[in-house]
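This structure is a prediction, so every number in the text was calculated from the model and none was measured. Below, all heavy atoms of this structure are taken into account, side chains as well, without hydrogens, waters or symmetry copies.
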Amino acid sequence: MTETLSTLSTVFIYVAMGFYAAAFIAFALDLARRSARVTAAEAAAVPSAVARRSEVAAPVGAGATIGSSGAGQGPGGPGSASTPPPSSAIGRLSSRISSRVEDEVMNGAESSASIRWAFGLTIAGFAFHLVATVLRGIAAARVPWANMWEFSMTGTLVIIGVFLVANLKWPIKYLGTFIVGLVLVLQGVALLRYFVPVVPLQPALQSYWLVIHIIVAVLGTAFFALGFALSGLQLLQYRRERQVAESRPQQFRFLATLPSSVALENLAYRINIVGFIAWTFTLIAGAIWAEKAWGRYWGWDTKEVWTFIIWVIYAGYIHARATRGWRGSRSAWLAIIGFAAVLFNFGIVNVFFHGLHAYSGL
């Protein structure tokens, strides 16, 4: 029975990854269509500028015609040119077209067909992912995060779940390409490198602190992942805004449909604070668990040190932005470095560094 449930869990993971891959493609198509809308808006704005120049030149031409046609005609005569020049009608029409396209650029992206399909496919993938994780837990008769494979499965599930729930408060579907892509990479590496069959729980892990400590760490990692994606977009958006200010050619035109770099930075800051609170509790819970399991709160184990390093990086990020005025690209780079440390802690420390936390199962 255990082997059957474990096999079913793996099958459901593959199905979930199939849905995630389709969602990634749909999210990428949405970004491509955003770029196309921006290009269309810019193209529609060009005739409007030409028309405005024509309107400026039209009165001059009209005055010259009146002066050369004879002085005997009064204000109501044929030379008065009382009808508006045709160019004004063209300008109004092109302006309306430009405004309509720009409205689609800024407001139509959230309701486009590709974004709806992408979000629906992500929800479907999350459902299969959840079933796979539950089946793994039932097969093991414990919580499904006792080794690298199970932690990867649960961690990526929570990242997708936090992304879906966060969309209920903030319209951040534009992060889908980055979040789903990250989950595909992490889960793909886990399938290739970390998969292990169901094994009994090690004695040191047979504690209720396994549930508390790990699930809070996973939640903190999920919020850090969202903050990482927002900070990456912030850097790209900041670069685009500089290109616009300096009248230079723009790259990644879809960025024109996203919030400003300041708005992205503020949202990343709020989300990283939530992750930092969860990570702080992870440190505290880990120390309490270490005292119960090994008789000391802190032992300078490699995993403990790197968990503390991550805490220090994000504490520095929050402090520097709140009190030292570190805004813009500097704060974004700090957040990115913090998440890089999280990935290093997960993928390198857990596998290549031996210590009391060597529970990878590999």
Side-chain angles (χ1 to χ4, degrees), residues 24-46 49 98 101-110 112 114-115 118 163 166-167 170-185 223-273 275 313-314 316-322 324-344:
F24 176 79
I25 293 172
F27 278 123
L29 283 174
D30 174 67
L31 295 184
R33 288 176 178 175
R34 287 170 183 258
S35 297
R37 292 191 190 102
V38 172
T39 303
E42 292 175 351
V46 171
S98 177
V101 175
E102 289 173 359
D103 182 67
E104 289 182 3
V105 168
M106 300 307 298
N107 303 320
E110 286 295 323
S112 67
S114 55
I115 201 73
F163 168 66
N167 271 282
W170 303 292
I172 56 172
K173 293 184 178 70
Y174 52 82
L175 291 180
T177 306
F178 310 96
I179 296 300
V180 175
L182 175 67
V183 166
L184 277 172
V185 171
F223 281 102
F224 286 154
L226 281 186
F228 162 74
L230 285 165
S231 296
L233 274 180
Q234 174 198 335
L235 290 176
L236 293 176
Q237 187 70 288
Y238 179 71
R239 181 182 179 186
R240 188 196 71 86
E241 289 169 354
R242 287 184 59 187
Q243 290 172 342
V244 171
E246 297 171 2
S247 300
R248 289 189 290 144
Q250 301 174 39
Q251 298 172 330
F252 306 112
R253 291 179 179 271
F254 70 88
L255 292 170
T257 70
L258 303 187
S260 67
S261 61
V262 174
L264 291 171
E265 178 186 357
N266 290 336
L267 183 55
Y269 179 68
R270 295 167 66 182
I271 288 177
N272 280 324
I273 284 179
I313 292 173
Y314 278 102
Y317 160 78
I318 293 171
H319 174 75
R321 189 183 183 279
R324 307 298 296 178
W326 271 41
R327 296 176 183 270
S329 59
R330 290 188 295 182
S331 66
W333 278 115
L334 268 179
I336 290 171
I337 291 170
F339 190 69
V342 171
L343 293 179
F344 183 86

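- Using a 4.5 Å cut-off on side-chain heavy atoms (C-beta onward), Ile273 and Ile318 make contact.
- At distances below 3.5 Å, not a single donor-acceptor pair connects side-chain atoms of Ser329 with backbone N or O atoms of Leu235.
- For the pair Leu264 and Tyr174, the minimum side-chain heavy-atom distance is below 4.5 Å.
- Residue-environment remark: CZ (Arg330) exceeds the threshold of 12 foreign heavy atoms within 6.0 Å.
- At least one donor-acceptor pair under 3.5 Å links the side chain of Thr257 to the backbone N or O of Phe254.
- Counting heavy atoms from C-beta outward, Val183 and Phe163 have side chains that stay 4.5 Å or more apart.
- Between Asn266 and Gln234 the shortest side-chain heavy-atom distance does not fall below 4.5 Å.
- Residues Ala268 and Gly227 come closest through the heavy atom pair CB-O, 4.0 Å.
- Here the straight-line distance linking atom CD of Gln243 with atom CD of Glu241 works out to 10.5 Å at 0.5 Å rounding.
- Nearest heavy-atom pair across Leu334 and Ala320 is CD1-CB, 4.4 Å.
- Rounded to the nearest 0.5 Å, atoms CG (Leu31) and CD1 (Ile115) are 7.5 Å apart.
- Contact detail for Ala225 and Ile179: the closest heavy-atom pair is O-CD1, 3.9 Å.
- Qualifying ring-ring contact (aromatic ring centres under 6.0 Å, His included) partners for Tyr314, counting only residues two or more places apart in sequence or in other chains: Phe224.
- Once rounded to the nearest 0.5 Å, the distance linking CG of Leu233 with CZ of Phe178 reads 4.0 Å.
- Here the side chains of Arg239 and Arg242 are not in contact, with every heavy-atom distance at 4.5 Å or above.
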In sequence, state the C-alpha distance, the side-chain angles, and the governing distance for Tyr269 and Tyr317, and then conclude on side chain to side chain contact (heavy atoms under 4.5 Å, CB included). CA-CA 9 Å; Tyr269 179 68; Tyr317 160 78; 3.7 Å; yes
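- A distance-only check finds a donor-acceptor pair linking the side chain of Gln237 to the backbone of Pro259 [under 3.5 Å].
- Under a cut-off of 6.0 angstrom, the local environment of OH in Tyr238 is sparse, with at most 12 non-hydrogen atoms contributed by other residues, nucleotides or ligands.
- Taking CG of Leu267 as the start and CG of Leu230 as the end, the distance is 5.0 Å to the nearest 0.5 Å.
- In this structure, the side chains of Ile271 and Trp170 come closer than 4.5 Å at one or more pairs of heavy atoms.
- In this structure, Asn272 and Phe223 have side chains that are not in contact, with every pair of non-hydrogen atoms separated by 4.5 Å or more.
- Taking CZ from Arg34 and CZ from Arg253, the interatomic distance works out to 16.0 Å, rounded to the nearest 0.5 Å.
- For the pair Asn167 (side chain) and Lys173 (backbone), a donor-acceptor distance under 3.5 Å is present.
- Counting only heavy atoms from C-beta outward, the side chains of Phe339 and Leu343 approach each other to under 4.5 Å.
- Taking CG of Leu255 as the reference point, atom OG of Ser260 lies at 12.0 Å (rounded to 0.5 Å).
- Between the side chain of Glu265 and the backbone N or O of Ala332 there is no donor-acceptor pair closer than 3.5 Å.
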